[in-house]
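For this chain, numbers begin at 1 and follow the sequence in order. As the structure lists them, so they are numbered: ligands from 1, and atoms in each ligand from 1.
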Amino acid sequence: MSTTHLSIEGVDLDFTTRDGVRPVLRGIDLKVARGEFVAVIGHSGCGKSTLLNIVAGLITPDRGAILVDGKLVDEPGPDRAMVFQSHALLPWLTVHENVALAVDQVHRKAMDQAARTRLVDDHLALVRMDHAARRFPHELSGGMRQRVGIARALAMRPAVLLMDEPFGALDALTRARLQDELMAIQADLKMTVMMVTHDVDEAALLADRVVMMSEGPGARIGQIVDIPLSRPRKRARVLRDPVFIEARVQMLSFLQGDEPEPDVDSDADDMVADLLPVAAE
Ligand SMILES: Nc1ncnc2c1ncn2[C@@H]1O[C@H](COP(=O)(O)OP(=O)(O)OP(=O)(O)O)[C@@H](O)[C@H]1O
C-alpha cells in the first residue's frame with residue numbers, strides 16, 4: 001500500500017489586484033503517493049502555476065494547507081525543488097557553478113567539498129551536460145539551459161520535484177529526449193513529481209495520474225485520470241497503447257468542455273506518426 005507523501009488539503013487562494021479580489025483556487029484537495037508522478041493540466045490562467053508555487057512554499061494559501069510527510073509547508077525548502085518554465089540560471093556563473101550553488105546551499109553540512117563536486121558532476125552527466133560544464137548560460141541553447149535547470153533541481157536530491165512546464169519552450173525532439181531522461185531519472189531516484197504541462201501527450205506519457213483543473217476564476221480539480229501503464233515506458237509502445245489513447249481522449253474531452261472527440265483514431269495515428277521518428281532514435 002503506497003503512503004501519502006504530499007498532501008494538498010482544502011486549498012483556497014484569491015489574488016487581490018487593482019480590479020478587486022480574484023478567486024483563483026477553490027477547495028483543492030489532492031494526496032500524492034511517495035514516488036508518484038502527477039501531471040496537472042488545465043486551461044491557461046486557471047491557476048496551475050499558482051498551485052505549484054503554493055506547494056513550493058512560495059505563496060501562502062488563504063485557507064487550507066500543504067503537508068509533506070505530514071509536516072506543514074510554510075516556506076520554500078530543499079525537500080521541494082522547482083524547475084521553472086524558463087531555466088532561471090544565474091548569467092554570471094558557469095553551468096557547473098550554477099548547479100554547485102544549489103548543491104552547496106542544500107548539502108554543505110552533510111557533504112564535504114569533494115562529495116559536493118562529485119554530485120554536481122554526476123547530475124550534469126545525468127542530463128548529458130557534463131561537456132558544457134565550464135560554459136556560461138548565454139553560450140547554451142534553450143534546451144541545454146533547461147537541462148542545467150533540471151540538473152540543478154535534481155542535484156538538490158529533493159523528495160518532491162516540482163516542474164512548471166519545464167519543456168514548454170523546447171523543440172519537439174529536445175522535449176522528447178528530456179521526457180525520456182526524466183522518466184529514467186525518476187525511476188532511478190524515486191522522487192515524487194508534480195508537473196504542470198499544457199501537453200496532454202506529455203501528461204499521459206509521463207504521469208501515473210493526471211489532475212485536470214476546471215477553468216477559473218475559482219478553479220477546482222475537475223477530474224483525475226489514472227494512467228495505469230507499466231514502467232519503464234517506451235515511447236513507441238506507449239503511443240499505440242489503448243490506455244494511453246483513452247487517457248488522451250479523456251483529457252482532450254475535458255479540456256474541450258466534454259465535447260466528444262471528432263475522430264479519435266485518425267488523430268491518434270497522426271500523433272504517432274509525428275512522434276515515432278523521435279522514438280526510433
Ligand atoms: N501575483 C499575481 N497577482 C495577481 N494575479 C495573479 C498573480 N499571479 C497570477 N495571477 C492570476 O491568477 C490566475 C492564475 O495564474 P497562473 O499563472 O497560476 O495560471 P496558469 O494556469 O499557470 O496559467 P498558464 O497555463 O497560462 O501558465 C491568472 O488569472 C493570473 O492572471
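Regarding atom 27 (O) of ligand 1, its nearest protein heavy-atom neighbour is Glu165 OE2, 3.6 Å. The protein atom (non-hydrogen) at minimum distance from atom 1 (N) of ligand 1 is Phe15 CE2, 3.9 Å. What sits closest to atom 29 (O) of ligand 1 on the protein, heavy atoms only, is Arg22 NE, 3.1 Å. Here the protein heavy atom with the shortest distance to atom 17 (O) of ligand 1 is Ser49 CB, 3.7 Å. In this structure, the protein non-hydrogen atom closest to atom 19 (O) of ligand 1 is Gly47 N, 3.3 Å. For atom 28 (C) of ligand 1, the nearest non-hydrogen atom of the protein is Gly45 O, 3.5 Å. For atom 26 (O) of ligand 1, the closest heavy atom belonging to the protein is Ser44 OG, 2.6 Å.
Protein heavy atoms are found inside the 4.0 Å sphere centred on atom 13 (C) of ligand 1.
Of the listed residues (Thr50, Ile54, Thr17), the one carrying the non-hydrogen atom nearest atom 16 (P) of ligand 1 is Thr50.
Defined by atom type and a distance below 3.5 Å, a donor-acceptor pair is missing between the side-chain atoms of Lys31 and Thr4. Using modelled atom types, one finds no donor on one side chain facing an acceptor on the other under 3.5 Å when comparing Thr192 with Glu36.
Atoms of ligand 1 found under 4.0 Å from any heavy atom of Lys48 (numbered from 1 in listed order, with element): 18 (O), 19 (O), 20 (P), 21 (O), 22 (O), 23 (O), 24 (P), 25 (O). Close contacts of ligand 1 with His198, meaning ligand atoms under 4.0 Å from a residue heavy atom, involve 24 (P), 25 (O).
A salt bridge links Arg26 with Asp14; the closest basic N to acidic carboxylate O contact falls under 4.0 Å. Comment: Glu165 does not engage Lys48 in a salt bridge, judged by the lack of any side-chain N to carboxylate O separation of less than 4.0 angstrom. Ion pairing between Asp180 and Arg233 fails under the 4.0 Å rule for side-chain N and carboxylate O.
Leu67 belongs to a hydrophobic cluster whose other members, connected by ILVMFWY side-chain contacts under 4.5 Å either directly or through intermediates, are Leu72. Members clustered with Met156: Val106, by chain and number, using a 4.5 Å side-chain heavy-atom cutoff among hydrophobic residues.
Across Ile54 and Pro61, no two heavy atoms sit closer than the pair CG2-CD, 3.9 Å.
Using a 4.0 Å heavy-atom cutoff, Met213 is absent from the residues neighbouring ligand 1.
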